Amino acid sequence: MVRMLAGQRMAGRIVETEAYVGVRDRACHSFKGRRTPRNESMYASAGTFYVYFTYGMHFCCNVVCGEVDEPIAVLIRALEPVDGINQMRTHRDNRQRHALRETDLCSGPARLCQALGIARPENGLDLITSPNLWIEPASEAARLRDIRCGPRIGISTGNVWATRLLRFGLRDHPCISVPFLATRRAPRIAS
DNA sequence: ATGACGATTTACT
DNA sequence: GTAAATCGTCATA
C-alpha cells in the first residue's frame, strides 16, 4: 500500500486483513442492504476506498471489492512499514506519550490510518487512478502456506458471523495486530 | 430530538 | 486485565 503525502512517499506491506462480505454479514456495515451517507462508498466499484470513523476518534480503511451496488469490502488491519517510516512515526508519535517500536506503527486498522494520514478526505478515493494512494504487488509474494486465518476482531454480535474465519494474515508476522491463536491455514478460496 | 453504541487504542492497576 | 477517551451515526420515537 503506497501513500503520497506532502510530496513524500510512505509504503507498507499489507500483512493482515478482514473480509466483510456484504448484505448477509451481520458484522458488515452494509448488512441487510443498509445504505447510508457513511457507507455509501461501499456501493461503488471495486478499487474504491471506504474510510469510516469510529469510537469518536479513529478512522479505519477498506478496499471495496464487489460489483457496483454489491457492498463487499476488505478491511486493512496491519502493515509492515517499508518506506517513509520517519513520516509514519511523526504522525503516530505526535499523539503519543512514548516513542513507538517500528512494528507498532501500523499494527491495527486505526493505527495504520493515523500513520499514513488517512481520514475522511480519503473516503471514496479511487485506488486505481489516485496519484496519492494505491496498492501495488509486493516485492515478494506471500506463500499461501504462510497465510493464517481466524475469527474477526472486535465483532460483538453473538452469532455465526462473529466466529467465521474471515481474518487473514501472515503467519507469525511481528506487525500483526492480534496473534492468530489456532494454526489454521487460509483456504485457497475464501467462501 | 434522543440515546445507545461502535470493524479501537492507550494508559493504568 | 480493566477502563477511559470521545463523538458520529443510525434506529427509534
Side-chain angles (χ1 to χ4, degrees), chain A residues 1 12 14-44 46 48-66 70-81 88-125 127 133 135 148-170 173-181 186 190:
Chain A
M1 186 169 192
I14 298 172
V15 295
E16 183 188 351
T17 63
E18 278 176 4
Y20 286 85
V21 297
V23 300
R24 67 207 170 106
D25 178 356
R26 280 198 98 79
C28 184
H29 289 165
S30 59
F31 178 55
K32 283 183 171 171
R34 204 160 86 203
R35 185 167 186 161
T36 68
R38 173 174 77 153
N39 69 7
E40 179 61 30
S41 53
M42 286 191 87
Y43 289 79
T48 300
F49 210 44
Y50 169 45
V51 180
Y52 68 91
F53 182 65
T54 190
Y55 288 101
M57 64 191 95
H58 297 304
F59 292 94
C60 299
C61 68
N62 300 253
V63 179
V64 174
C65 299
E70 184 189 20
I72 292 170
V74 169
L75 174 71
I76 310 298
R77 287 197 57 91
L79 305 177
E80 172 192 324
M88 291 180 186
R89 190 180 293 284
T90 298
H91 291 145
R92 295 271 291 129
D93 282 346
N94 271 349
R95 311 191 203 171
Q96 196 91 12
R97 188 157 309 211
H98 302 293
L100 290 165
R101 294 189 302 253
E102 186 170 315
T103 52
D104 289 332
L105 289 177
C106 300
S107 57
R111 290 173 173 178
L112 73 91
C113 284
Q114 187 180 317
L116 297 189
I118 291 166
R120 208 175 298 278
E122 284 66 42
N123 183 40
L125 277 188
L127 298 176
L133 192 59
I135 293 174
R148 294 291 175 263
C149 63
R152 293 177 291 187
I153 304 296
I155 306 300
S156 56
T157 53
N159 61 63
V160 61
W161 291 102
T163 56
R164 284 195 61 180
L165 307 182
L166 292 174
R167 181 168 77 111
F168 303 91
L170 284 184
H173 196 285
C175 297
I176 294 285
S177 66
V178 181
F180 289 91
L181 298 181

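Atom set for the values below is all heavy atoms of this structure, side chains included, hydrogens, waters and symmetry mates excluded. Chain letters run A, B, ... following the sequence lines, proteins first and then strands; every chain starts at 1. Every value quoted in this text rests on a predicted model; they were computed, and no experiment measured them.
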**Q** Please report, rounded to the nearest Å, how far the P atom of C:dA3 is from the OH atom of A:Tyr55.
**A** 15 Å
**Q** What nitrogen or oxygen pairs link the protein and nucleotides 10-13 of chain C at under 3.5 Å?
**A**
unit_1	atom_1	unit_2	atom_2	d
C:dC10	OP1	A:Thr36	OG1	2.0
C:dA11	OP1	A:Arg34	NE	3.2

**Q** Using whole Å, report how far OH of A:Tyr20 lies from C1' of B:dG6.
**A** 11 Å
**Q** I need the CD-C1' distance between A:Glu18 and B:dT8, as an integer number of Å.
**A** 12 Å
**Q** Give a yes or no on whether a salt bridge exists between A:Arg89 and A:Asp104, defined as a side-chain N under 4.0 angstrom from a carboxylate O.
**A** no
**Q** In dot-bracket notation, what is the pairing pattern of DNA chain C, taking Watson-Crick (N1-N3 plus N6-O4 or O6-N4) and G-U wobble (N1-O2 and O6-N3) contacts under 3.5 Å, with [ ] crossing and | for other strands?
**A** |||||.||||||.
**Q** Would you say a side-chain N or O of A:Arg152 is under 4.0 Å from OP1 or OP2 of B:dT8?
**A** no
**Q** Looking at the side chain of A:His58, which of B:dA7, B:dT9, B:dG6 is the nearest nucleotide?
**A** B:dT9
**Q** A:Ile76 has an atom CD1; how far is it from atom P of B:dA7, in whole Å?
**A** 17 Å
**Q** Which of the following nucleotides, C:dG8, C:dA5, B:dG6, is nearest to the side chain of A:Phe53?
**A** C:dG8
**Q** Look at A:Glu18 together with A:Arg77 and state whether they make a salt bridge at an N to O cut-off of under 4.0 Å.
**A** yes
**Q** Whole angstroms only, please: what is the OH-C1' distance between A:Tyr52 and B:dA7?
**A** 3 Å
**Q** Go through B:dG6, B:dT9, B:dA7 for me and flag the one nearest to the A:Met42 side chain.
**A** B:dA7
**Q** Can you name the closest pair of heavy atoms from A:Phe49 and A:Ser41 and give their distance?
**A** O-OG, 3.8 Å
**Q** I need the CG-P distance between A:Leu75 and B:dT8, as an integer number of Å.
**A** 7 Å
**Q** Please work out which residues in residues 116-124 of chain A have a non-hydrogen atom less than 4.0 Å from an atom of DNA chain C and list them by number.
**A** A:Arg120
